[in-house]
Colleague: 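Have a look at this one before I ask anything.
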Amino acid sequence: CHTSGMLTPNGKEYAQKIPREELTHVILKLLQAWKEPLSHFNQHIEHHQELPDDSLSKAKQISNMVHELKTGVEKVTEKMQSMGIISNSLNGMASSEGTSLSISNEANMMSDSDFIHCFRRDSNKVQSYLKILKCRIMPENSC
């Protein structure tokens, strides 16, 4: 996976111990790291005439959802910063770091099944980290 070299919390217990700023940063880095590979994947599957139109549509929908999720996390981060829940140390970090990964060649060389496996793995991480972050920020949700 092209994100394997990224330092991410290994396991729920470790993710719960790292500071909110760092966890938020990891989430943003993972989401940013998938922007370009998903775009390449969409271009790649558009050339497969045997794929049904709904498969192409779903691939584009996934790319759009990742972009929207990243935008949403950025907005939540800004709100948390304005409320003093986290520091302002995250400004601009995700965009610059996410693009510095050498993702183009590695992501392009993966088979479709490997690509989907890696995407699912990272999606599960993001989902877990977001749940942990939510519980740490709003403990009244009975997490």
Side-chain angles (χ1 to χ4, degrees), residues 1-16 18-83 85-86 88-143:
C1 296
H2 73 282
T3 57
S4 294
M6 237 186 236
L7 291 178
T8 59
N10 193 7
K12 183 179 176 181
E13 294 78 25
Y14 181 67
Q16 290 174 327
I18 66 171
R20 289 183 279 213
E21 288 91 348
E22 190 176 332
L23 189 58
T24 304
H25 186 239
V26 169
I27 293 166
L28 289 170
K29 277 187 358 182
L30 280 169
L31 292 171
Q32 179 66 30
W34 278 97
K35 181 180 178 182
E36 188 178 331
L38 283 169
S39 175
H40 286 287
F41 183 71
N42 284 336
Q43 291 171 4
H44 167 71
I45 64 168
E46 282 177 3
H47 292 50
H48 287 267
Q49 280 78 28
E50 70 274 6
L51 287 176
D53 286 342
D54 65 325
S55 294
L56 298 174
S57 174
K58 288 214 187 286
K60 288 181 183 184
Q61 187 179 18
I62 289 169
S63 291
N64 290 337
M65 288 181 350
V66 168
H67 175 72
E68 289 174 18
L69 180 59
K70 180 180 173 288
T71 301
V73 171
E74 287 170 343
K75 287 180 182 179
V76 168
T77 300
E78 289 171 14
K79 183 71 170 172
M80 290 178 358
Q81 288 170 339
S82 71
M83 295 174 69
I85 295 172
I86 61 174
N88 291 335
S89 63
L90 292 175
N91 289 344
M93 289 174 76
S95 300
S96 61
E97 280 190 36
T99 55
S100 68
L101 292 171
S102 58
I103 53 178
S104 301
N105 291 337
E106 193 171 341
N108 285 335
M109 296 176 94
M110 279 193 265
S111 71
D112 291 349
S113 61
D114 288 340
F115 181 87
I116 291 168
H117 166 78
C118 293
F119 180 73
R120 172 174 239 125
R121 183 196 73 167
D122 287 349
S123 296
N124 289 338
K125 284 183 181 182
V126 168
Q127 182 179 20
S128 295
Y129 300 160
L130 284 170
K131 284 179 185 176
I132 291 167
L133 192 59
K134 176 184 170 189
C135 289
R136 291 175 75 194
I137 293 167
M138 302 182 310
E140 65 274 5
N141 286 338
S142 305
C143 298

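What you see is a predicted model, and the numbers here were worked out from it, not measured in a lab. Hydrogens, waters and symmetry mates are skipped; everything else that's a heavy atom, side chains included, is used.
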Colleague: For the residue pair Y129 and P9, what are the closest heavy atoms and their distance?
Modeller: OH-O, 2.8 Å

Colleague: Closest approach of P37 and H2, non-hydrogen atoms and distance?
Modeller: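 Taking every non-hydrogen atom into account, CG-NE2, 3.5 Å.
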
Colleague: Among L30, L31, L133, V126, whose side chain to side chain contact (heavy atoms under 4.5 Å, CB included) with V73 holds?
Modeller: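 Only match with V73 under side chain to side chain contact (heavy atoms under 4.5 Å, CB included): L31.
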
Colleague: In the structure I gave you, are the side-chain heavy atoms of I62 and F119 within less than 4.5 Å of one another anywhere?
Modeller: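 With C-beta onward as the side chain, the pair touches.
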
Colleague: Roughly how far, to the nearest 0.5 Å, is the OG atom of S123 from the CD1 atom of I116?
Modeller: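 The distance works out to 11.0 Å.
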
Colleague: Kindly compute the distance separating CG (L69) from CD1 (I27), expressed to the nearest 0.5 Å.
Modeller: 8.5 Å

Colleague: Kindly give the heavy-atom pair with the smallest separation between Q16 and R136, and that separation in Å.
Modeller: O-CZ, 3.6 Å

Colleague: Answer with yes or no whether the side chains of E36 and H40 bring together a donor and an acceptor at under 3.5 Å.
Modeller: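 Yes.
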
Colleague: Side chains of K134 and L130, heavy atoms from C-beta outward: is any pair under 4.5 Å?
Modeller: no

Colleague: Given side chain to side chain contact (heavy atoms under 4.5 Å, CB included), test R120 with N124 step by step and report yes or no.
Modeller: CA-CA 6 Å; R120 172 174 239 125; N124 289 338; 3.7 Å; yes

Colleague: Could you check whether any side-chain heavy atom of W34 comes within less than 4.5 Å of a side-chain heavy atom of S39, counting everything from C-beta outward?
Modeller: no

Colleague: What distance separates K75 NZ from K70 NZ, expressed to the nearest 0.5 Å?
Modeller: 11.5 Å

Colleague: What distance separates D122 CG from M6 CE, expressed to the nearest 0.5 Å?
Modeller: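 Separation between the atoms: 7.5 Å.
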
Colleague: Within the 3.5 Å criterion, strictly below it, is a donor on K125 or T8 matched to an acceptor on the partner's side chain?
Modeller: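 Looking only at side-chain atoms, T8 and K125 do form a donor-acceptor pair, the distance falling under 3.5 Å.
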
Colleague: At what distance, to the nearest 0.5 angstrom, does CG of L23 lie from CD1 of I18?
Modeller: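 Reported to 0.5 Å precision, the distance equals 4.5 Å.
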
Colleague: Between F41 and F115, what is the ring plane arrangement, given parallel below 30°, perpendicular above 60°, and tilted in between?
Modeller: parallel

Colleague: Say you draw a straight line from NZ of K35 to CG of L38; how long is it, rounded to the nearest 0.5 Å?
Modeller: 11.0 Å

Colleague: I'd like to know whether S4 forms a side chain to side chain contact (heavy atoms under 4.5 Å, CB included) with R121, so could you lay out the CA-CA distance, the side-chain angles of the two residues, the decisive distance to 0.1 Å, and finally the verdict.
Modeller: CA-CA 10 Å; S4 294; R121 183 196 73 167; 3.6 Å; yes

Colleague: Do the side chains of S82 and K79 get nearer than 4.5 Å, heavy atoms only?
Modeller: yes

